[in-house]
Amino acid sequence: MSNDAIVMLKEDHQEILRAFREFEQAGENAHRAQEKAVDRIIELLTVHTYLENEVMYPRVRELVPDLEDDILESYEEHHVADLLVVELAGLKPENERFAAKTTVLIENVRHHIGEEEDEWFPKVREALGRKVLQEIGEEMAAARPTAPRRPSQPSALKKTIDAVIS
Ligand SMILES: [Fe+2]
Ligand SMILES: [Fe+2]
């Protein structure tokens, strides 16, 4: 397994995109299958967003000042996803808004992942190089076991609330 930060984050993205496809293939009335896919989406996104917000983004912001605007935009995209995830976590699949909200979340996150992978991760790789990316990767690996897995966990909730009130 690679300890390169960008490789690790891209592996997360693949898993997230797989869970999106599971939801899309579940079929409109397959509530249990939809619920299972959404549970997985919520867990994967909560962990991934936390690691980017707490480790990757602050380090990139500090080390590659040219990417400041991309980082700020990405924080806002995470914030929109966080809000949808919090709402989704409280909805039953029978609710008429469940599938619609999930679809909007998926659209948003696909767009966001595309920007990370195609637009600014390549610039991060170029600016930081292998050694620094491995250090950041190790920091993320260390933070992963205690990262929140549900949006209701205090460390995840705090981030969402801070973004709204500060
Ligand atoms: Fe992100
Ligand atoms: Fe990401």
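We count ligands from 1, going down the list as the structure has it; atoms in each ligand are counted the same way. Throughout, numbering of the chain's residues begins at 1 and tracks the sequence.
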Closest non-hydrogen atom pair, G137 against A5: N-CB, 3.7 Å
Residue-atom pairs from the protein, N, O or S only, that lie under 2.8 Å from the Fe ion (ligand 1): E52 OE1, Y57 OH, H78 NE2, H112 NE2, E116 OE2
Under 3.5 Å side-chain donor-acceptor pair for E52 and H48: yes
Ring pair (Phe, Tyr, Trp, His ring centres under 6.0 Å) pairs, two or more places apart, involving residues 58-77: Y57-Y75
Atom pair CD/NE2 of E116 and H111 - distance to nearest 0.5 Å: 10.5 Å
F23: hydrophobic cluster co-members (side-chain, 4.5 Å): I16, L17, F20, V38, I41, I42, L44, L45, V80, L84, V85, L88, L91, F98, V104, L105, I106, V109, I113
Any residue meeting side-chain contact (heavy atoms from CB on, under 4.5 Å) with V132, in chain and number order, not counting sequence neighbours: L63, L128, I136
